[in-house]
Amino acid sequence: MASRVLGSVLALVLFLSTALFTVPANAAADPRLGTNPGTGTLVSADLAVDQAKIQAEALPALREIRAKMYDDKEVLFDGKPLYKVVQEQGMTREQYINAVQWSTDLERSALQRAYEQNITWGHVRPDGSSYKEADVRGRWPGEILTTQADIAVSIADVKNGSWAGERDDLIRYNGAFNNDTGHLYNLLNPRYKSYGFARVGGVTVGWMEGATSTSTGGTKLKGTYTFEAAVNASNLNRLSGQIVVPVSLNSGATGTAEVTGSAKAMTWLRAVPVTIDATYTSSNSSVLTIDRNGSYRAVGGGKATITATTSGKTYSTTVTVSGTPAAPQPSIKNYMHLTNDWSTLAIAQSVVYGRVGDDVIVGDWDGNGTDTFGVRRGNTFYLNNTISGGSADIQFNYGKAGDEVIIGDWDGNGTDTLGVRRGNRFFLNNTLRGGNADIAFDYGKKADEVIVGDWDGNGTDTISVRRNTTFHINNTLVGGYAQRSYNYGRTGDLVLVGDFNGDGMDTVTLRRGNIIHVNNNHSGGNAERSVAFGYTTDTIVIGDWNGDGIDTPAINRVE
């Protein structure tokens, strides 16, 4: 069933393995790493980087240490002199030294992990998952960490370098990979060809792998950027967050509340100020209103408690507003009014669902053939398997708060799951969970409007786009060219996608004002019928509410 888009002290850590994913106007730029921030509460920090300098110094230093260790006949690698191992690999001295190249993808992952080391130290991410989850394109490389600020010293200075300083241990342990030798081992390993290094905050990280890189230019990031990572509950508690907002306001004052804290993974590292993603509420909307993202307005005299909620933790503060108390506001709720019959479009069921301001989504979350509701608050999703209010049946974090969410059955198993779009890149999951995406690809242009449907009736939803009035339909979950294209409707029309006649295939229908122009054809032309439904101010969602195989509209109205 298709669903709709609505410095000096060193610290060394080593990975013991030889095995070769909307910034506010006043915030720093997005580094566009393409890494998954993880699952949990998003924590961001504005930090300065100079990757052009890191890249310019790292590769020469890496070649220098390879040359130095190759020429040092005492240096062993896996039980043999290093130079003999290199020769057995079929390489000359020059080939071995110059085989290393920069990898932009590994650099992006190293940037993500360097930021995360400021929150929690080691090869476990702040959300509790493996460091490997920060990969960009499904790579499984080695990782080395240090607080040494000078990348060239860290790599190439055998006497003082944090990584190159393991030369004597490598000899003592007969060239074996272990806690005392692993950093230098990874730098010298003739099987490793691609490297990426990064420094963020007080930490330098290196990633390396055996595959040849297809992107060697580097990010060239220089300046201050906003880095993000998800944290689990225990790491969240270490950040000592608090709501930042004036405790006294005049009536009419506006602003944005935020939860801030301080990250410090190791005692010798400097503290990094962080902002913690949360959802906000006010105890008294007659005194102060606040939306879920923290934008507030002082309404009338009195006191109100602002509460910020994130994964299993709340923060609160009381604000006093001067002025005349505001008149009590009537209670408003988020209603869903459902229809099951296109012939009458009579309201068959009405339920109060979610909160005012929630992003409502629709899907068959349990595969029973009936669509139900879900909401998104920030990057947290709450899904219900019945058409009712109350507590959610499924709750998890996924993506970033600024992602565009899409819903569909990507693997044809009858169950709808989530995906997100960032620019023209799509990240799709086949299970209702957070974490890395199961499918990732580029498609279309950033300005395209995304639509999702089962266009060929094979039980699998795919991603298509509307560009102005042209629909580009794609029947496979890959980028590239569309299978077919056609023109339909006007630029200002709203697109509704569904199986409106029960034939097993989704089509595009348009809404213009409060008129729905129903189309069961996979082409442009005239609509089969046009029906008035709801008010022009209503939000319309589409779903099969009664399991009869036909999608019908529902009104999402605040009243």
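This one's a predicted model, so the numbers in the text were calculated from it and none came from an experiment.
- In this structure, the ring-ring contact (aromatic ring centres under 6.0 Å, His included) partners of F471, at least two apart in sequence or on a different chain, are Y486.
- Within 6.0 Å of atom NZ in K220, more than 12 heavy atoms from other residues, nucleotides or ligands are found, so the atom counts as buried in its surroundings.
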Walk me through it: do T146 and V203 pass the test side chain to side chain contact (heavy atoms under 4.5 Å, CB included)? CA-CA 6 Å; T146 182; V203 183; over 6 Å; no

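- Side-chain atoms of T260 and V274, non-hydrogen and from C-beta on, never get closer than 4.5 Å to each other.
- A salt bridge links R108 with D105: at least one charged nitrogen is closer than 4.0 Å to a carboxylate oxygen.
- The salt bridge (Lys or Arg N to Asp or Glu O under 4.0 Å) test applied to R113 returns E116, E143, not counting sequence neighbours.
- Two residues are said to be in side-chain contact when any heavy atoms from C-beta on lie closer than 4.5 Å; R421 and Y443 fail this criterion.
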Go through the steps to decide whether Y280 and N293 satisfy the test side chain to side chain contact (heavy atoms under 4.5 Å, CB included), and finish with yes or no. CA-CA 6 Å; Y280 298 82; N293 297 315; 5.8 Å; no

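- In this structure, the side chains of V465 and I473 stay at 4.5 Å or more apart for every pair of heavy atoms.
- If you take CG on N436 and CD on E133, they are separated by 4.5 Å, rounding to the nearest 0.5 Å.
- Partners of R167 under the salt bridge (Lys or Arg N to Asp or Glu O under 4.0 Å) rule, at least two apart in sequence or in another chain, are D72, E74.
- For the ring-ring contact (aromatic ring centres under 6.0 Å, His included) test, no residue two or more places apart in sequence or in another chain qualifies with Y96.
- D358 meets the salt bridge (Lys or Arg N to Asp or Glu O under 4.0 Å) test with R377; sequence neighbours excluded.
- In terms of modelled atom types and a separation under 3.5 Å, the side chain of T462 and the main chain of N474 share a donor-acceptor contact.
- Partners of F381 by ring-ring contact (aromatic ring centres under 6.0 Å, His included), not counting sequence neighbours, listed by chain and number: F396.
- With values rounded to the nearest 0.5 angstrom, T417 atom OG1 is found 7.5 Å from L428 atom CG.
- Taking 4.0 Å as the cut-off between side-chain N and carboxylate O, D403 and R422 count as a salt-bridged pair.
- Contacts of N379 classified as side chain to side chain contact (heavy atoms under 4.5 Å, CB included), with partners at least two apart in sequence or in another chain: L42, D277, N397.
- Counted by atom type alone, S162 and S154 present one or more donor-acceptor pairs between their side chains at under 3.5 Å.
- Look at E88 and K84 and you find no salt bridge, because none of the NZ, NE, NH1 or NH2 atoms lies under 4.0 Å from a carboxylate O.
- The closest side-chain donor-acceptor pair between T226 and D46 falls under 3.5 angstrom.
- Qualifying side chain to side chain contact (heavy atoms under 4.5 Å, CB included) partners for T415, counting only residues two or more places apart in sequence or in other chains: N413.
- For the 3.5 Å distance criterion, the side chains of D127 and S129 qualify, holding a donor opposite an acceptor.
- Side-chain contact between L145 and Q117 is present, with at least one heavy-atom pair separated by less than 4.5 Å.
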Is there a ring-ring contact (aromatic ring centres under 6.0 Å, His included) between W207 and Y192? Walk through the geometry before answering. CA-CA 10 Å; W207 274 40; Y192 284 149; over 10 Å; no

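- A 4.5 Å side-chain heavy-atom check between Y185 and F77 finds at least one atom pair inside the cut-off.
- A donor-acceptor pair is defined here as one N or O able to donate and one able to accept, closer than 3.5 Å; no such pair exists between the side chain of Q89 and the backbone of M91.
- Side-chain atoms of E107 and T219 form a donor-acceptor pair, as typed in the model, at a separation below 3.5 Å.
- In this structure a side-chain-to-backbone donor-acceptor pair under 3.5 Å is present from D438 to N430.
- Contact check for R466 versus D448: no side-chain heavy atoms found under the 4.5 Å cut-off.
- Under a 3.5 Å cut-off, the side chain of S194 and the backbone N or O of S213 do form a donor-acceptor pair.
- With sequence neighbours excluded, the residues that form a side chain to side chain contact (heavy atoms under 4.5 Å, CB included) with A114 are V200, V205.
- T104 and S215 form a side-chain donor-acceptor contact under 3.5 Å, judged by distance and modelled atom types alone.
- For the pair D454 (side chain) and D461 (backbone), a donor-acceptor distance under 3.5 Å is absent.
- Using a 4.5 Å heavy-atom cutoff, the side chains of L62 and L187 are in contact.
- Take D393 and apply the salt bridge (Lys or Arg N to Asp or Glu O under 4.0 Å) test, not counting sequence neighbours, and it matches no residue.
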Show the numbers, then the answer: is there a side chain to side chain contact (heavy atoms under 4.5 Å, CB included) between F373 and N384? CA-CA 6 Å; F373 299 117; N384 271 21; 5.8 Å; no

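- In this structure, CD1 in I439 is found 8.5 Å from CH2 in W410, a value given to the nearest 0.5 Å.
- Take K222 and apply the side chain to side chain donor-acceptor pair (under 3.5 Å) test, not counting sequence neighbours, and it matches no residue.
- Using modelled atom types, one side-chain atom of D157 and one backbone atom of K159 make a donor-acceptor pair closer than 3.5 Å.
- N235 and N232 share a side-chain donor-acceptor pair at under 3.5 Å.
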Does the side chain to side chain contact (heavy atoms under 4.5 Å, CB included) test come out yes or no for V420 and I406, once each step is laid out? CA-CA 6 Å; V420 297; I406 53 178; over 6 Å; no

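- Side-chain atoms of D50 never come within 3.5 Å of backbone atoms of I54 as a donor-acceptor pair (strictly under, hydrogens ignored).
- With sequence neighbours excluded, the residues forming a side chain to side chain contact (heavy atoms under 4.5 Å, CB included) with R93 are A67, Y70, D71, I97, listed by chain and number.
- Remark: the S234 side chain and the N237 side chain contain no N/O donor-acceptor pair separated by less than 3.5 Å.
- Side chain of R199 to main chain of Q148: a donor-acceptor pair is present (N/O by atom type, distance under 3.5 Å, no hydrogens or angles).
- With hydrogens and angles disregarded, no donor-acceptor distance shorter than 3.5 Å links the side chain of T204 to the backbone of A149.
- The closest side-chain donor-acceptor pair between D180 and Y173 falls under 3.5 angstrom.
- Taking a cutoff of 4.0 Å between a charged side-chain nitrogen and a carboxylate oxygen, R292 and D359 qualify as a salt bridge.
- T92 places a side-chain N or O within 3.5 Å of a backbone atom of Q95 that can act as its donor or acceptor partner.
- For the pair V49 and Y225, the minimum side-chain heavy-atom distance is below 4.5 Å.
- Donor-acceptor pairing under 3.5 Å is lacking for the side chains of H472 and S464.
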